[in-house]
2 protein chains.
Amino acid sequence: MESGTAFEDALSRVVWALRRAELAVQAAKEPGLRAVGVPAAHYALLVHVHLFPGLSGAELARRLGVTTQAVALLATKLEARGLLERRVHPRHRNVQELHLTDAGSEALQEADTAVLEVERRVREKLGPERHAVLRELLDEVTDELGGPSARQWTGRGQG
Amino acid sequence: MESGTAFEDALSRVVWALRRAELAVQAAKEPGLRAVGVPAAHYALLVHVHLFPGLSGAELARRLGVTTQAVALLATKLEARGLLERRVHPRHRNVQELHLTDAGSEALQEADTAVLEVERRVREKLGPERHAVLRELLDEVTDELGGPSARQWTGRGQG
DNA sequence: TGCCTATCGTCAAGCGCTTGACATGATTCA
DNA sequence: TGAATCATGTCAAGCGCTTGACGATAGGCA
């Protein structure tokens, strides 16, 4: 294993394959999302706000793996476009709950079509079983490497 | 299909699992790479220059999926640190060949240790067979979604 | 009541990357 | 030879995100 240069196989590792696949997915989603005027980052936030309405910006940031700044800037833009609504938390006056407007729900619906199309292509290419296997393997990787566990992302863990 | 909100399962899709896994991998690599003073983006360029010495900045950019600007800026920094060398192409005086210096090779070796550690953790978690399955599935996704085919990345396709 | 701590949100500065435009050099064709 | 075309590399401007610091609010404790 230590014989000579050890990284001739660098590009054939899983971590690289993962990066390539992620880049390909992003590239595949981008035109569809752009067509409906919802960049990828905006889409990600919209989905989370839809699935977990009323969360604070800081909490969203943790789930998305970005800083609170990024969420705040994004939220400002989405609010300006009328897709998102900031409400003051009833108990904590300094905290803002984020909710989707009707227009936001519509935009999300349209954007999701583009993402679903990519998911469909992958599913058709792999077939249902291997599609499911891939998801399971990816979740195990996420779990093993820590960070936000896959459970946390999909669960309704807190309110 | 149109029954109610259609994207309740958004976070359980493969495309999301892929993103989560990629984020986890990046987060897992980062501290190790930072320890040896080689950020992730620098590492990616160093690996490619090592595997395909003499490529032009534009060609590298295509393979890395970034712009020529990004490569040029990176190359400038790496050159300033003495890890990388710019040589004028013998025939095309306007083209610069990129090569690793000895210091660059050493830095790459150290940095690669951190990446290998992540790869090892994933391999141990999944076991050899499923590890290989994951790589195969990811390559198929990359192939299906087009962009730079997995072959192009690993192959010695051109010189 | 008053102090301390934690959390949330915002402001300012910096960094990395992209986009667009331009200059240079090499190849192709008339 | 001379002009058109293409690829490479660089300059300038803009955008998105991060880092660091600050003010504001709610809960814990004496």
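Just so it is clear, the values below take in all heavy atoms, side chains as well, and ignore hydrogens, waters and symmetry mates. To find a chain, count down the sequence lines: A is the first, B the second, and so on, and within it residues start at 1. For clarity, every value in this text was computed on a predicted model and none was experimentally measured.
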Would you kindly compare Ala41(A) and Thr68(B) by the position of their nearest DNA chain D nucleotide and give the one closer to the 5′ end?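 So the residue in question is Thr68(B).
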For Arg86(B) and for Arg93(A), locate the closest nucleotide of DNA chain D by heavy-atom distance; then report the residue assigned to the nucleotide nearer the 5' terminus.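 Checking each residue's closest nucleotide, the 5'-ward one belongs to Arg86(B).
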Closest approach to the side chain of [X], judged atom by atom: which nucleotide of [options] is it?
{"X": "Arg62(A)", "options": "dT8(D), dC8(C), dC17(D)", "value": "dC8(C)"}
{"X": "Ala58(B)", "options": "dT8(D), dT18(D), dT10(C)", "value": "dT8(D)"}
{"X": "Gln96(A)", "options": "dT10(C), dG9(D), dC17(D)", "value": "dT10(C)"}
{"X": "Val95(B)", "options": "dG9(D), dC17(C), dC8(C)", "value": "dG9(D)"}
{"X": "Thr67(B)", "options": "dA26(D), dA24(D), dT19(C)", "value": "dT19(C)"}
{"X": "His92(A)", "options": "dG27(D), dC17(D), dT27(C)", "value": "dG27(D)"}
{"X": "Ala72(B)", "options": "dG9(C), dT10(D), dC17(D)", "value": "dT10(D)"}

Using 0.5 Å steps for rounding, measure from the CG atom of Leu134(A) to the CG atom of Leu138(B).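 Reported value, rounded in 0.5 Å steps: 6.0 Å.
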Supply the atom-to-atom distance Leu23(B) CG to Thr142(A) OG1, rounded to the nearest 0.5 angstrom.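 Reported to 0.5 Å precision, the distance equals 8.5 Å.
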Is a donor-acceptor contact shorter than 3.5 angstrom present between the side chain of Asn94(B) and the base of dT24(C)?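 Result: at least one qualifying N/O pair found.
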Whole Å only: how far is the [atom1] atom of [X] from the [atom2] atom of [N]?
{"X": "Leu74(A)", "N": "dG9(C)", "atom1": "CG", "atom2": "C1'", "answer": "16 Å"}
{"X": "Leu98(B)", "N": "dT8(D)", "atom1": "CG", "atom2": "P", "answer": "12 Å"}
{"X": "Arg91(B)", "N": "dA7(D)", "atom1": "CZ", "atom2": "P", "answer": "17 Å"}
{"X": "Glu30(A)", "N": "dT18(C)", "atom1": "CD", "atom2": "P", "answer": "13 Å"}

Under 3.5 Å, is there a donor on one side chain and an acceptor on the other for Glu22(A) and Gln26(A)?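 Note: Glu22(A) and Gln26(A) side chains meet the donor-acceptor criterion.
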Does Lys77(A) have a side-chain nitrogen or oxygen under 4.0 Å from the phosphate oxygens OP1 or OP2 of dC15(D)?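 For Lys77(A), the contact criterion (side-chain N or O under 4.0 Å from OP1 or OP2 of dC15(D)) is not met.
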For the residue pair Phe52(A) and His48(A), categorise the inter-ring angle as parallel (less than 30°), tilted (30 to 60°) or perpendicular (more than 60°).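 The arrangement is tilted - the two ring planes meet at 30° to 60°.
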Test item: Ser56(B) side-chain N/O and Glu97(B) main-chain N/O as donor-acceptor pair under 3.5 Å: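 Not confirmed, Ser56(B) side chain does not pair with Glu97(B) backbone.
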